[in-house]
Amino acid sequence: MTSSSNISSETTSAAARKKKRARSNSKATAKKASGKNTGDTGGALSYKVVAGAPADLKCDSLIVGVFTKGAMPTLTKRVDKASGGAISKLIKNGDHNGTVAHVATLYDLPDVNASRVVIVGLGAEDKLNDKRYQRASVAALKSVMKGGAKTAASTLCAVDYGKTSIGWRVRYGADAIANELYVFDELKESGRKKAKKKSGSAKGLESLDFVVGNARQLKAARTGLVHGLAIAEGTHLTRDLGNRPGNVCTPTYLGEQAQKLGKSHGLKVTVYDEERMRKLNMNTLLSVSAGSAEEARLIVMEYNGGRKGAQPVALVGKGITFDTGGISLKPGATMDEMKFDMCGAASVFGTMATIASMKLKLNVVGIVAAAENMPGGSATKPGDIIESMKGLTVEILNTDAEGRLVLCDTLTFTERFKPTAVVDMATLTGACVVALGSPATGLFANDQDLADELLDAGNQAGDRAWQMPLWDEYQSQLNSNFADLANIGGREAGAVTAACFLSRFAENYPWAHLDIAGTAWKRGAQKGATARPVRLLTQFLMSRAGLKS
Ligand code: BES
Ligand code: MN
Ligand code: ZN
């Protein structure tokens, strides 16, 4: 094993090059399904912030909150007063006890301009938090839409709780509502009809106003709304890309979507094809796409909102557009979910869209390693040894541990941007799902300050991560008799050894790895992409840019 060209020739054979061709069938489907680039934020629904007496607001439905215990929220009190105590009476009569998300509606109240007042429970005043605020907001919205309202206004954002600001509450509320309205039906007849009519998912609701208590809060609330809608846009994009099936969302398709995003959001986009990657010696990445008829892509999206020449933060995403396991073929049950194996990449797309729409003052480079992992005559086999771009040789003992193979070369490639920090995100291991389930993303880092920043960001944004060890003791599980390291580390601590593998290629910068295998999509009846960790990443980048909302 002396000549590196010997090893890498595995992936440079003429045969490997010839087999790649466009599959016309899947291409046609892709075209039909790619009408939208960025996710919408509720179709025809438009949002704004207003100040003033809520009882004077002209709209179909006015949303106010009530507590189980504690004083009536200020704006609710104003509506109550104007109407001669209609809301107090409702509570006194036992028709509303303030339980979180419980909804009651009053019609044609005297001296209230809105035709309906939708009263939603917020629980106990001292227990109000983001989750409860979200549940109440969504419940009220659903009731408003059910009632057929075209115009609505909500005073819920004016209810102060915990350490929140008006900006935060508008941002969080707008994000929550826009994501509640998200549907993925572009490949159903109903969705195609809607797309033709350009009508959205808001069921006739055309406008939603966030009502603040006084005019001094308008500016912060408007900033919060801009941020909330930017996050909604990014999360919708991430969910759309994640939900699109493997025959539509191929590496080539992701490259095209990056170009589109670049045009719409002012990003500099470069897409590397296999030939260019081969010249860069990205052999472990290419070893994953070797068995597929779909060519791999390395996608670079640069957002330059910061000082000219300032070093960027790098976001790196695993973009396996379908993971069959390759020659180490996966079992059939729920294999369809491996279309979500590009959710790390989708999160890079979504976060780039969000920060560009926010005009964040920071330089950020998003890098996506896109490939399809298939068995086939030219596929990589267990036992094959590949020389990585970094020069370390890897013995591939299981072709289903492919995420780390596309990421390791991408982490080496990332060095050229001289990043201040690199955060990769990947649906990397089933072991992480076993360890943490769906509440927490697994976090690994070679730099505790970076780890703390990300943990804080996740806590703030309600998109939490939990730190796992990256201790030296685990590294020996990757020892190989034949190469510098093996691509799997045995049955124990699978999420940790996967991170350990990556850490060998991330020695030259502060680096963190997010294993989102348990968090990136929901299983079962609610099956679908969640857009995690877009909110965590956005919060992290906002903090780095010194921005608050
Ligand atoms: N994409 C999978 C990880 C995965 C599996 C995420 C199930 C979510 C649900 C990854 O490429 C993979 O197959 N990992 C293997 C690694 C093993 C071969 C060491 C796994 O977790 O089984
Ligand atoms: Mn796999
Ligand atoms: Zn995978």
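Order of listing sets the numbers, starting from 1, for every ligand and every atom in it. Note that the structure is predicted; figures quoted are calculated from it, not measured.
- In terms of polar-atom proximity, E402 is counted as a contact of ligand 1, with an N or O under 3.5 Å from an N or O of the ligand.
- With a heavy-atom cut-off of 4.0 Å, K318 touches ligand 1 through its side chain alone.
- Contact of the S480 side chain with the L485 side chain is not registered, since no non-hydrogen atoms from C-beta on lie closer than 4.5 Å.
- A heavy-atom separation below 4.0 Å is not found between F322 and ligand 1.
- Distances under 2.8 Å from the Mn ion (ligand 2) pick out the protein N/O/S atoms D323 OD2, D400 O, D400 OD1, E402 OE1.
- At a threshold of 4.0 Å, the pair D424-K318 does not count as salt-bridged, since none of the basic side-chain nitrogens sits closer than that to a carboxylate oxygen.
- Counting atoms of ligand 1 from 1 in the listed order, those under 4.0 Å from a heavy atom of I488 are 19 (C).
- Considering only non-hydrogen protein atoms, atom 7 (C) of ligand 1 sits nearest to M338 CE, 3.6 Å.
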Begin from the C-alpha positions of T519 and T441 and carry the test side-chain hydrogen bond (donor to acceptor under 3.5 Å, both in side chains) through to its verdict. CA-CA 6 Å; T519 54; T441 290; 2.9 Å; yes

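- Inside a 4.0 Å radius of atom 22 (O) of ligand 1 there is not any protein heavy atom.
- Nearest non-hydrogen protein atom to atom 16 (C) of ligand 1 is R404 NH2, 3.9 Å.
- When only non-hydrogen protein atoms are considered, atom 8 (C) of ligand 1 lies nearest to W521 CH2, 3.3 Å.
- Contact annotation for R523 and ligand 1: only side-chain heavy atoms (C-beta onward) come within less than 4.0 Å of the ligand.
- Taking every non-hydrogen atom of N398 and a distance limit under 4.0 Å, the qualifying atoms of ligand 1 come out as 18 (C).
- Residue-to-ligand polar distances place D323 within reach of ligand 1: an N/O pair is separated by less than 3.5 Å.
- The name of the N, O or S atom in D341 nearest to the Zn ion (ligand 3) is OD2.
- Across Q134, H227, R535, a single residue satisfies side-chain hydrogen bond (donor to acceptor under 3.5 Å, both in side chains) together with Y172, and that is Q134.
- Using modelled atom types, one side-chain atom of R532 and one backbone atom of R464 make a donor-acceptor pair closer than 3.5 Å.
- A side-chain hydrogen bond (donor to acceptor under 3.5 Å, both in side chains) with S328 is found for exactly one of T399, T380, N373, namely T399.
- For D323, the N, O or S atom with the smallest separation from the Zn ion (ligand 3) is OD2.
- Closest to the Zn ion (ligand 3) among the N, O or S atoms of E402 is OE2.
- Inclusion of A431 in the set of residues having an N or O under 3.5 Å from an N or O of ligand 1 is not warranted.
- Taking a 4.0 Å cut-off on heavy atoms, M335 fails to register as neighbouring ligand 1.
- An N or O contact shorter than 3.5 Å links D341 to ligand 1 by distance.
- With a 4.0 Å heavy-atom cut-off, ligand 1 is reached by the backbone of D400 and by its side chain too.
- A salt bridge links R278 with E274: the distance from a Lys NZ or Arg NE/NH1/NH2 to an Asp or Glu carboxylate oxygen falls below 4.0 Å.
- Given atom 10 (C) of ligand 1, the protein heavy atom at minimum distance is L428 O, 3.3 Å.
- The Zn ion (ligand 3) lies under 2.8 Å from an N, O or S atom belonging to K318.
- Ligand 1 lies out of reach of E337, whose nearest heavy atom is not under 4.0 Å from it.
- Rounded to the nearest 0.5 angstrom, E256 CD and T250 OG1 are separated by 7.0 Å.
- At the top of the distance list for atom 6 (C) of ligand 1, counting protein heavy atoms only, stands A517 CB, 3.6 Å.
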Please report the C-alpha distance between T497 and Q477 in whole Å, then the side-chain angles of each, then the deciding distance to 0.1 Å, and finally whether the side-chain hydrogen bond (donor to acceptor under 3.5 Å, both in side chains) criterion is met. CA-CA 7 Å; T497 52; Q477 286 184 239; 4.9 Å; no

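- Of all protein heavy atoms, the one lying nearest to atom 4 (C) of ligand 1 is G430 N, 3.9 Å.
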